[in-house]
There are 2 protein chains.
Amino acid sequence: MTARLDIHGDELDSRAREVLREIVIQHVSTGEAISSRSLSKSGRFNLSPASLRNVMADLEDLGYLQQPHTSAGRVPTDRGYRFFIDHLMKSRRLPQHEIDTINEEVSHTTEIEEVLGLASRLLSRLSDQVGMVFMPTLLQFTIRSMDFVLVAENKIMCIIVGTNGVVVNKIVESRLSFTRDELDKISRYISVEFAGLTLDAIRRRLVRMTEQERALHDSMLQKTIALGIEAVDDVTPVNHELYLEGAESMLTKREFSDAGALRKTFLALQEKEKLVDILNACLVEDGLQILIGSESDFTNIHNFGIVARSYGTHNAPLGIVGILGPMRMEYSRMAPLVDYLGRALSRKIEEEGEQR
Amino acid sequence: MTARLDIHGDELDSRAREVLREIVIQHVSTGEAISSRSLSKSGRFNLSPASLRNVMADLEDLGYLQQPHTSAGRVPTDRGYRFFIDHLMKSRRLPQHEIDTINEEVSHTTEIEEVLGLASRLLSRLSDQVGMVFMPTLLQFTIRSMDFVLVAENKIMCIIVGTNGVVVNKIVESRLSFTRDELDKISRYISVEFAGLTLDAIRRRLVRMTEQERALHDSMLQKTIALGIEAVDDVTPVNHELYLEGAESMLTKREFSDAGALRKTFLALQEKEKLVDILNACLVEDGLQILIGSESDFTNIHNFGIVARSYGTHNAPLGIVGILGPMRMEYSRMAPLVDYLGRALSRKIEEEGEQR
DNA sequence: GACTGGCACTCCGAGTTGCCGAGTGCCAGG
DNA sequence: CCTGGCACTCGGCAACTCGGAGTGCCAGTC
């Protein structure tokens with residue numbers, strides 16, 4: 001009866017908003033469906049259960065709430081969560097000790113793989129959800145230097161340092177053999193010639209050089225080119241593009257108390273392609289993003305929520321950090337956490353870059 | 001009544017052995033408790049269910065079998081599995097394609113962390129259990145060379161190559177600053193001076209050198225020593241000492257169909273200390289080892305089995321490879337798998353060592 | 001017109017009962 | 001020593017009951 005719609009039709013009555021807000025909060029903390037009676041007893045409304053029932057019925061009609069079954073309380077829908085996050089949520093400040101933990105741990109690492117691994121573990125630990133860190137590609141990665149070290153007869157370790165301080169290393173096996181001195185020379189040559197270029201550009205340039213006349217006669221140059229190409233070649237897909245940590249945190253969540261859903265979820269986490277797709281989509285926008293339920297189709301079952309944020313320098317995002325958990329999670333706590341970690345990573349990377 | 005014991009009292013009648021064998025095999029493949037009727041119908045015995053019941057009752061009295069409840073079939077006990085493995089099991093040959101897979105994958109990797117990570121994934125995939133690879137310590141690790149590469153103002157990547165071909169690298173942060181040339185010199189000096197020594201020995205020697213008069217006056221030598229010590233210092237606990245892979249394979253095992261046991265198991269896998277203890281114990285003996293149920297106390301619940309083997313050169317085992325799964329697993333398949341992978345790893349390491 | 005108490009209705013879940021089938025132990029006979 | 005037969009036990013399934021929780025709606029009150 002009582003139409004609780006704004007004149008615009010897309011906004012809720014302030015009372016309805018309060019009710020929705022309270023329901024989300026209560027449901028997140030208890031996991032139960034929320035009844036009119038428990039709302040009334042919460043003391044936040046001076047209303048009887050019957051009145052609240054009217055409001056709730058309206059919210060249900062509008063698609064913000066739903067009933068698991070006839071004689072149960074109400075639970076927020078995707079849409080309910082979405083409205084909550086967009087209009088009702090008050091992000092808490094990140095507690096100081098979490099800030100400290102993040103700063104401390106981040107400052108102690110240097111290699112990129114280490115940092116990303118750490119970040120995902122950190123996220124998982126602090127959020128008690130699954131932590132995700134995604135590094136999409138290194139092709140736009142500009143280099144500062146490239147060094148080659150002899151490791152065995154025809155195995156050479158190649159160390160690439162990015163202008164952003166990121167360090168990548170890999171071992172290449174070459175048919176050619178090199179002496180230490182040759183490698184030293186090559187290191188210097190490449191570092192000087194190619195500093196500031198992206199891996200992609202370097203690769204193209206090296207390939208072009210193969211075709212040039214001069215290269216044919218200079219055997220040293222030939223060797224340099226061959227080694228350079230091999231070094232740049234498949235550095236791109238770093239061993240793990242996607243760092244996932246803390247899948248076991250799912251175990252304690254009540255939404256996974258039955259083994260079937262749990263299994264499905266784990267198997268879904270196994271095949272990372274879908275997650276990569278989802279995260280890649282996040283890469284285009286910057287700032288914090290929250291995906292709820294069917295907004296991201298991770299595992300057909302739409303019981304999940306994702307909080308993510310890009311990191312990297314302002315105009316060139318490097319990748320994504322985020323968490324994945326059940327739809328019913330404390331977004332007001334997760335949001336600042338992910339946001340801060342993203343900032344910390346970005347800062348770290350920028351610092352390393354300036355540092356020389 | 002019919003005492004089916006050998007004169008020695010510790011051996012079983014040949015019929016009893018056959019029955020036990022069949023029960024283990026059937027139970028492993030089906031997961032069900034085995035009834036006298038199904039044994040009789042298997043066709044391996046020309047006996048009626050009633051006769052088999054007598055044998056089974058004896059086996060139960062002797063502790064090789066047990067009944068989950070009165071009107072259920074029998075299931076092997078720890079002791080039953082132990083007897084099966086020691087006396088009844090015929091190890092199958094490893095199928096050729098698995099041999100090929102292992103050889104191929106192993107031959108494509110070089111860095112130690114890569115190899116170990118790969119091995120654990122490989123084990124998990126081929127066994128459909130949890131794969132474990134453990135590298136206990138690098139202190140007895142003898143080096144062939146040590147190189148230093150400037151990565152940023154005061155960050156230096158240090159690459160240690162072992163005489164066994166193992167490559168370890170880490171980044172050290174130093175208060176001192178070095179030029180490329182200095183680092184080159186230091187690399188050569190250390191590689192020449194210390195080749196063939198263990199990290200432990202190198203460390204001791206460097207520390208001793210600090211105290212010598214000469215060092216006080218030679219600033220280059222001072223720098224060398226400082227850097228050397230930092231490089232050697234905490235290379236020991238490599239980031240992950242224990243590689244665990246495939247915990248999710250537990251999900252599909254019927255013994256973990258209830259969420260509680262599953263949860264306990266995952267949490268137990270989280271804290272790796274206990275596993276490290278167990279594996280360390282395996283290090284002293286060489287050859288394949290199988291631990292069943294209460295023989296290793298992983299997770300108080302004694303439902304697990306471990307198949308493990310040391311790898312490394314003959315007189316100096318480097319670590320352990322193995323799998324962990326429910327007690328009910330195909331030991332006859334797991335044993336050759338773990339064994340072969342252990343051999344492959346050892347061979348790989350030896351080859352790398354010779355190769356120059 | 002907004003709020004409230006009351007009442008009938010629905011549905012879940014826990015507990016109870018009864019029953020069937022599977023499997024055993026034991027005994028007596030071949 | 002083996003076997004068929006019989007009585008016994010137990011787990012699991014299905015049907016049923018019943019109380020509790022929660023809703024929707026209606027009529028009454030301020």
Side-chain angles (χ1 to χ4, degrees), chain A residues 1-5 12-20 22-23 26-27 30-77 80 254-255 257-258, chain B residues 1-5 12-20 22-23 26-27 30-62 64-77 254-255 257-258:
Chain A
M1 203 65 44
T2 53
R4 303 215 166 273
L5 288 177
L12 296 174
D13 195 343
S14 89
R15 173 188 289 177
R17 296 164 77 111
E18 273 311 298
V19 169
L20 177 55
E22 187 65 19
I23 289 178
Q26 277 199 27
H27 178 252
T30 65
E32 313 270 315
I34 308 303
S35 70
S36 57
R37 185 153 175 275
S38 75
L39 274 187
S40 172
K41 284 208 299 186
S42 79
R44 304 183 61 83
F45 312 96
N46 285 323
L47 293 175
S48 76
S51 308
L52 288 167
R53 281 204 284 278
N54 287 324
V55 184
M56 290 161 85
D58 290 348
L59 282 169
E60 181 164 6
D61 289 344
L62 294 170
Y64 294 105
L65 297 180
Q66 77 188 58
Q67 277 181 286
H69 56 85
T70 325
S71 78
R74 258 92 170 190
V75 161
T77 59
R254 59 150 60 218
E255 19 266 289
S257 52
D258 90 293
Chain B
M1 203 60 50
T2 54
R4 301 214 168 274
L5 287 176
L12 296 173
D13 194 345
S14 89
R15 172 186 290 175
R17 296 163 80 111
E18 273 311 298
V19 170
L20 177 54
E22 188 64 20
I23 289 177
Q26 279 200 25
H27 178 252
T30 65
E32 313 272 314
I34 308 302
S35 72
S36 56
R37 185 157 175 273
S38 74
L39 274 188
S40 172
K41 282 208 299 184
S42 79
R44 304 183 61 84
F45 312 96
N46 284 323
L47 294 174
S48 74
S51 308
L52 289 167
R53 282 205 283 279
N54 287 326
V55 184
M56 290 162 85
D58 289 349
L59 283 168
E60 181 163 6
D61 288 345
L62 293 170
Y64 294 105
L65 298 179
Q66 77 188 57
Q67 279 182 286
H69 56 85
T70 324
S71 79
R74 257 92 170 189
V75 161
T77 58
R254 58 151 62 220
E255 19 267 290
S257 52
D258 90 293

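Just so we're on the same page: letters track the sequence lines, and every chain starts at 1. Source: prediction; values computed, not measured.
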Rounded to the Å, how far apart are [X] [atom1] and [N] [atom2]?
{"X": "B/L52", "N": "D/dC2", "atom1": "CG", "atom2": "C1'", "result": "11 Å"}
{"X": "A/E32", "N": "C/dG13", "atom1": "CD", "atom2": "P", "result": "12 Å"}
{"X": "A/R15", "N": "C/dG1", "atom1": "CZ", "atom2": "P", "result": "16 Å"}
{"X": "A/N46", "N": "C/dT4", "atom1": "CG", "atom2": "P", "result": "9 Å"}
{"X": "A/D13", "N": "C/dC3", "atom1": "CG", "atom2": "C1'", "result": "15 Å"}
{"X": "B/Q66", "N": "C/dG23", "atom1": "CD", "atom2": "P", "result": "17 Å"}
{"X": "A/L39", "N": "C/dC3", "atom1": "CG", "atom2": "C1'", "result": "16 Å"}

Exercise for the section: Take B/P68 and B/L47, find for each the nucleotide of DNA chain D with the closest heavy atom, and name the residue whose nucleotide sits nearer the 5' end. Expected result: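 Counting from the 5' end, the first nearest nucleotide belongs to B/L47.
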
Handout entry: Donor-acceptor under 3.5 Å (B/S36 side chain, B/L52 main chain)
Key =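 Looks like no, no N/O pair under 3.5 Å.
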
Could you tell me which residues satisfy side chain to side chain donor-acceptor pair (under 3.5 Å) with [X], sequence neighbours excluded, listed by chain and number?
{"X": "B/R37", "answer": "none"}
{"X": "B/S48", "answer": "B/S51"}
{"X": "B/E18", "answer": "none"}
{"X": "A/E22", "answer": "A/Q26, A/R44"}

Cut-off 3.5 Å, no hydrogens considered: what does the side-chain donor-acceptor table look like for residues 68-75 of chain B, sequence neighbours left out?
from, atom 1, to, atom 2, distance (Å)
B/R74, NE, B/E60, OE1, 2.9
B/R74, NH2, B/E60, OE1, 2.8

Handout entry: Nucleotide-resolved protein contact map, nucleotides 24-30 of chain C, B/S/- at heavy-atom distance under 4.0 Å
Key = BBB----

